[in-house]
Amino acid sequence: NSKVIQTPRYLVKGQGQKAKMRCIPEKGHPVVFWYQQNKNNEFKFLINFQNQEVLQQIDMTEKRFSAECPSNSPCSLEIQSSEAGDSALYLCASSRGDTGQLYFGEGSKLTVL
Amino acid sequence: GDQVEQSPSALSLHEGTGSALRCNFTTTMRAVQWFQQNSRGSLINLFYLASGTKENGRLKSTFNSKESYSTLHIRDAQLEDSGTYFCAAITGNTGKLIFGLGTTLQVQP
C-alpha cells in the first residue's frame, strides 16, 4: 500500500535521552509530515516539509525536537531530551503535494521509561 | 479549532453483516481520507475523496463537503476487517490532516 519507510520500528529510551527516528518518503513525494499518535488514538501534527524547507511546526516541535529533510538523505525527527509523555507512535507521511493525499509509514513506536 | 467527530467509537459485527461509520466536521474540509490501522500500527489507505462516492470491494465511502460529513460503509464483514478505522480531513492549503478518534471494529465469527 505505502512505500514510506520508517526506522526504527521500536525504540526504548530513558528520560533525558535523545530519540531519533528516520523516514524515507515515497519516491517523487516532496511533502513530508510527522504525526504523533498517543495511546488514546489522538493524532498530533508535529511538523511538515516541502523538500528541505519547513512549512509548519507546532511549538513543542520547535522547542524540543530537531527535524530535517536533507536532499538525498532520509528525513529525521529527534527528540532532544525524552520525557515520559513522549511515549507514542511517531508516524511519517509523504504526499505529492497536489491533491494532498497522504501515505503513511508503519511508524516508530517510542517508549520512554 | 477544526475538529473531526467520529462515531461510533466501537463496533462489533458478525461475519457477513455490515454497518456504517461516520465523521462530522466542524468546518468545511477540502477532502477526506479513510484509513484502517492494523495490529502492527500501520495506517492502510482505504479512500481519498474530494467529493462524491467511491467504492472498493466491500467498502464504500461518501464525502459531502457541503454538509460536512463523510461515511464509510462496510458490507459482508470478514474477520480480517477487524482493526481501528480513522477518518482524517484535509484542511486549508497546507494539506494537514485532522484525525477523528477512530472506530474500533471487531468482527466475530
Side-chain angles (χ1 to χ4, degrees), chain A residues 1-11 21 23 25-26 29-51 53-58 61 87-111, chain B residues 1-11 21 23 28-52 54 56-57 59 61 63 65 70 80 83-105:
Chain A
N1 193 265
S2 170
K3 299 178 182 66
V4 176
I5 299 170
Q6 285 190 251
T7 56
R9 189 79 180 88
Y10 301 96
L11 61 168
M21 293 154 272
C23 171
E26 276 204 40
H29 284 193
V31 179
V32 172
F33 285 77
W34 286 95
Y35 283 86
Q36 178 198 66
Q37 182 187 14
N38 67 20
K39 62 180 182 183
N40 296 321
N41 279 342
E42 293 163 326
F43 286 77
K44 182 185 285 184
F45 163 82
L46 297 176
I47 190 169
N48 61 345
F49 292 84
Q50 175 137 6
N51 297 311
E53 301 296 319
V54 174
L55 293 176
Q56 267 188 303
Q57 63 181 320
I58 62 171
T61 309
S87 294
L89 181 67
Y90 289 82
L91 290 157
C92 174
S94 71
S95 162
R96 285 198 329 237
D98 49 359
T99 63
Q101 184 172 5
L102 292 192
Y103 297 84
F104 282 83
E106 291 195 327
S108 292
K109 187 170 182 181
L110 171 65
T111 302
Chain B
D2 298 340
Q3 284 193 351
V4 176
E5 297 162 355
Q6 186 170 349
S7 62
S9 57
L11 182 61
L21 285 56
C23 282
T28 302
M29 300 295 186
R30 192 153 63 85
V32 67
Q33 284 191 251
W34 284 91
F35 300 93
Q36 180 194 23
Q37 189 168 41
N38 62 21
S39 56
R40 283 174 49 86
S42 302
L43 279 172
I44 299 163
N45 271 304
L46 298 177
F47 293 102
Y48 168 89
L49 297 110
S51 65
K54 286 187 181 178
N56 184 5
L59 300 178
S61 182
F63 175 43
S65 57
S70 178
E80 61 264 28
T84 303
Y85 290 77
F86 291 95
C87 69
I90 298 172
T91 177
N93 294 321
T94 63
K96 201 162 60 173
L97 286 178
I98 301 175
F99 283 81
L101 291 179
T103 298
T104 301
L105 170 64

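Source: prediction; values computed, not measured. The sequence lines fix the lettering, A, B, ..., with proteins before strands; numbering per chain opens at 1.
Comparing A/Gln101, A/Glu106, A/Lys109 by how many heavy-atom pairs each has under 4.5 Å with chain B, the most go to A/Gln101.
Side chains of A/Thr61 and A/Trp34: a donor-acceptor N/O pair is absent below 3.5 angstrom, by distance only.
Residue A/Leu102 touches chain B through both its backbone and its side chain, counting heavy-atom pairs closer than 4.5 Å. The contact between A/Gln56 and chain B is made entirely by side chain atoms (from C-beta outward), counting heavy-atom distances below 4.5 Å. Contacts between B/Leu97 and chain A at a heavy-atom distance below 4.5 Å involve backbone atoms as well as side-chain atoms.
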Go through it in stages, so that I can follow the logic: the residues are B/Asn56 and B/Leu46, the test is side-chain contact (heavy atoms from CB on, under 4.5 Å), and I'd like the CA-CA distance, side-chain angles, deciding distance and then a yes or no. CA-CA 8 Å; B/Asn56 184 5; B/Leu46 298 177; over 6 Å; no
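Contact annotation: the side chain of A/Gln37 approaches that of A/Leu91 to within less than 4.5 Å [non-hydrogen atoms, C-beta and beyond].
Between B/Phe47 and B/Phe63, the distance separating the two ring centers is not shorter than 6.0 angstrom.
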